[in-house]
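No hydrogens, no waters, no symmetry mates; every other heavy atom, side chains included, goes into these values.
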Amino acid sequence: MRRIGVDTGGTFTDGILWDDEKGIISSAKASSVKRDPSEAVMSVVDKLGGLAEGVGHLVHGTTVATNATLEQTGERVALLCTSGFRDVLEIGRLARAPDELYDLQAPSQDCLVRRRDRLEVRERMDYGGNVVEELNERDILAAVATIRDRNIQSVAICFLHSYANPSHERRARDLLQRALPNITISISSEIFPEFREYERSTTTALNAYLTPAVEGYLHRLQEKVAASGSPAQLWVMQSNGGVVAADAAARTPVTLLLSGPSGGVVAGRYLLEQTGVQNGITLDMGGTSFDVGLLPDRIIPMTNEREVMGVPVKAPSVDILTIGAGGGSIGWVDGAGQFRVGPRSAGADPGPACYGRGGDEP
C-alpha cells in the first residue's frame with residue numbers, strides 16, 4: 001500500500017509519497033495558501049501523482065491551529081459557566097511573575113473570553129456528580145439571545161464538576177444547538193473531563209477559539225479528497241505524535257497545536273533508528289514558528305500540559321518548545337524602538353519583501 005504525507009506550514013506545504021515496500025518514492029513542495037491551506041495540500045498531492053489507486057491513506061500535519069494561537073487570529077468566544085464562577089479565567093492560580101509580585105498596578109493578562117461574553121447559568125453538581133441545583137433552562141435561552149445579538153460563532157461550556165456528571169453540559173449544548181444550529185460548541189466534559197476548574201476552563205475555551213477555523217478547513221479538505229474519487233482515508237497528526245480521523249480532529253482542535261512539529265519528532269526518531277544514533281535534537285523551521293524537540297535514548301518525551309497564549313492547556317503532546325519566529329516572520333520596531341521578530345508571518349503570498357511579489361515588509 002502507498003501513503004501520502006503532507007505537512008502544511010505558514011509559507012510552504014511539503015509532501016512525500018511512501019510505499020510500504022520501497023519507502024519514500026518522491027517528494028513535492030508548493031507555496032501555502034493562507035486563505036485556504038487545503039488548496040496547497042491538494043496541489044502537493046497532485047504533484048505526487050494524485051490519490052491514484054493504491055494510495056490508501058493521506059496523513060496530514062497542519063499548522064492551522066498552531067498559527068491561529070501564535071498570531072491570535074481565532075474567533076470571538078462565549079463561555080457558559082456555573083453561576084458564581086464567571087471569573088475563573090481571570091483568577092487562575094493567582095500566580096504572578098517575580099518582577100510583578102508586589103506591583104499593585106501590574107496589568108492583568110488578557111483572557112481568551114471577554115468578561116462580558118462569560119455568561120452565568122444557574123446549575124450545580126457536587127464533586128460526586130450529584131445534582132445540587134437543576135439546570136435553569138431559562139438562563140440558556142437568555143444566553144442564546146446574547147450570543148445571537150453579538151454574532152458569536154463559537155461557544156465553550158464549562159460547568160462545575162461536569163467531569164463527574166456531564167448531563168447539564170450536554171443538555172445546555174443541545175438547547176444551544178437547536179436554537180443556533182450554525183455555531184460550534186465545545187463542552188469541557190468531552191474536551192478535558194478532569195477536575196481543576198481553571199485548566200478545564202482554559203482548555204475548553206481554547207478549543208472553542210480554534211474550532212471554527214480548523215473545522216472549516218478540515219471539512220473543505222475532506223470534500224476535495226472525496227471529489228477526487230479516491231477511497232483514501234484522511235488522517236490528521238495530533239500533538240501526541242499519533243493520528244486521528246479528520247472528523248474527530250475538527251471537533252478537538254486543541255489536540256492539534258503541535259500537529260506538524262510532532263510529526264517531525266516522530267520522523268526524527270525514525271532517522272535515529274536508521275543511523276544507529278542514540279540521542280538527537282529535532283529542529284523544525286517553518287514560516288511562522290521554530291520548533292525544537294529532544295530525543296534522549298530515542299525516547300519521545302511527552303507532556304500533559306502546555307502554556308498557550310499565556311494560559312495552561314491540558315492535552316497530551318510531544319514535549320516541544322515553540323517560538324513565534326519562523327523563516328517568514330515579520331521584523332518590526334516597537335514603540336520603544338526595540339527590534340522585534342514575529343509572531344506575525346508574511347506567509348507565501350505576497351510574502352516578505354525579498355520575494356519580489358509586492359510584499360513590503362522584511
*So, do D20 and W18 sit near enough that their side-chain heavy atoms are less than 4.5 Å apart?*
yes
_Any donor-acceptor pair under 3.5 Å from E120 side chain to C81 backbone_ = no
*Check the side chains of S189 and E169 for a donor-acceptor pair under 3.5 angstrom, ignoring hydrogens and angles.*
yes
*Please tell me if the side chains of R269 and I300 come closer than 4.5 Å, counting only heavy atoms from C-beta onward.*
yes
_Close side-chain approach of Y198 and V311, heavy atoms under 4.5 Å_ = yes
*asked:* Within the 3.5 Å criterion, strictly below it, is a donor on Q233 or H57 matched to an acceptor on the partner's side chain?
replied: no
*Return each pair, listed once, that meets salt bridge (Lys or Arg N to Asp or Glu O under 4.0 Å) where at least one residue sits in residues 282-306; pairs must be two or more places apart or across chains.*
E305-K314
*Roughly how far apart are I281 CD1 and L295 CG, rounded to 0.5 Å?*
9.0 Å
*Would you mind listing every salt bridge (Lys or Arg N to Asp or Glu O under 4.0 Å) that reaches into residues 331-344, with sequence neighbours excluded?*
D334-R340, R344-E361
_Would you compute the distance between atom CG of L112 and atom CG of L89 and round it to the nearest 0.5 angstrom?_
7.0 Å
_Verdict with supporting geometry, V59 and M237, side-chain contact (heavy atoms from CB on, under 4.5 Å)_ = CA-CA 7 Å; V59 184; M237 287 290 302; 4.3 Å; yes
*Quick one: does S228's side chain have a donor or acceptor within less than 3.5 Å of a partner on L51's backbone?*
no
*Does the side chain of H60 pick up a donor-acceptor pair with the side chain of W235 at under 3.5 Å?*
no
*Without swapping roles, check the side chain of N240 against the backbone of P316 for a donor-acceptor pair under 3.5 Å.*
no
*Kindly check if the number of other-residue, nucleotide or ligand heavy atoms within 6.0 Å of CZ (F339) is above 12?*
yes
*Check whether any side-chain N or O of T73 sits under 3.5 Å from a backbone N or O of T69 as a donor-acceptor pair, and report yes or no.*
no
*asked:* What's the separation between atom CD1 in I320 and atom CE in M302, rounded to the nearest 0.5 Å?
replied: 9.0 Å
_Please evaluate residues R115 and R86 with respect to the criterion side-chain contact (heavy atoms from CB on, under 4.5 Å), reporting the C-alpha separation (whole Å), side-chain torsions for both, the decisive distance (0.1 Å), and the verdict._
CA-CA 8 Å; R115 192 172 194 273; R86 185 184 188 186; 3.1 Å; yes
*Within the side chain of T203, is there an N or O that forms a donor-acceptor pair under 3.5 Å with the backbone of R200?*
no
*Verify the distance criterion only: is there a donor paired with an acceptor across the side chains of Q153 and N151 at less than 3.5 Å?*
yes
*Who else is in the cluster with I140 when I, L, V, M, F, W and Y are joined by side-chain contacts under 4.5 Å?*
L80, L119, V121, L135, V144, I147, I152, V155, I157, F159, L175, L176, L180, I183, I185, I187
*Is the number of heavy atoms from other residues, nucleotides or ligands under 6.0 Å of I323 CD1 greater than 12?*
yes
*Scan residues 38-51 for pairs that pass salt bridge (Lys or Arg N to Asp or Glu O under 4.0 Å), counting only residues two or more places apart or in two chains.*
R35-E39
*asked:* Salt bridge or not between E123 and R171? Use side-chain N to carboxylate O under 4.0 Å.
replied: no
*Without swapping roles, check the side chain of S32 against the backbone of K34 for a donor-acceptor pair under 3.5 Å.*
no
_What verdict does the side-chain contact (heavy atoms from CB on, under 4.5 Å) test give for L160 and E197, after you've listed the backbone C-alpha separation in whole Å, the side-chain angles of each residue and the deciding distance to 0.1 Å?_
CA-CA 7 Å; L160 193 66; E197 294 307 308; 3.5 Å; yes
*Take R150 and R116, measure what side-chain contact (heavy atoms from CB on, under 4.5 Å) needs, and give me the verdict at the end.*
CA-CA 11 Å; R150 296 176 185 174; R116 65 193 298 260; 3.9 Å; yes
_Nonpolar side-chain network containing V131, other nodes, edges under 4.5 Å_ = M125
*Could you note down all residue pairs passing salt bridge (Lys or Arg N to Asp or Glu O under 4.0 Å) where residues 203-215 supplies at least one of them, sequence neighbours left out?*
none
*Rounded to the nearest 0.5 Å, how far apart are CZ of F195 and OG of S162?*
13.5 Å
*How about H219 and Y217: are their ring centres within less than 6.0 Å of each other?*
no
*Distance-only polar pair, side chains of T255 and S239, donor-acceptor under 3.5 Å*: no
*Nearest-0.5 Å distance, CG of residue L321 to OG of residue S289*: 10.5 Å
*Rounded to the nearest 0.5 Å, what's the gap from CG on L58 to NZ on K224? Could you check?*
12.5 Å
*Would you check if the side chain of T303 reaches a backbone N or O of V318 as a donor-acceptor pair within less than 3.5 Å?*
no
_Could you check whether any side-chain N or O of S259 sits under 3.5 Å from a backbone N or O of L256, counting only pairs where one atom can act as donor and the other as acceptor?_
no
*asked:* For the backbone of V113 and the side chain of R118, can you confirm whether one donor and one acceptor N or O come within less than 3.5 Å of each other?
replied: yes
_Identified side chain to side chain contact (heavy atoms under 4.5 Å, CB included) counterpart of T8 within the set T13, L221, T66_ = T13
*Where the side chain of D19 meets the backbone of G23, is there a donor-acceptor pair that is under 3.5 Å apart?*
no
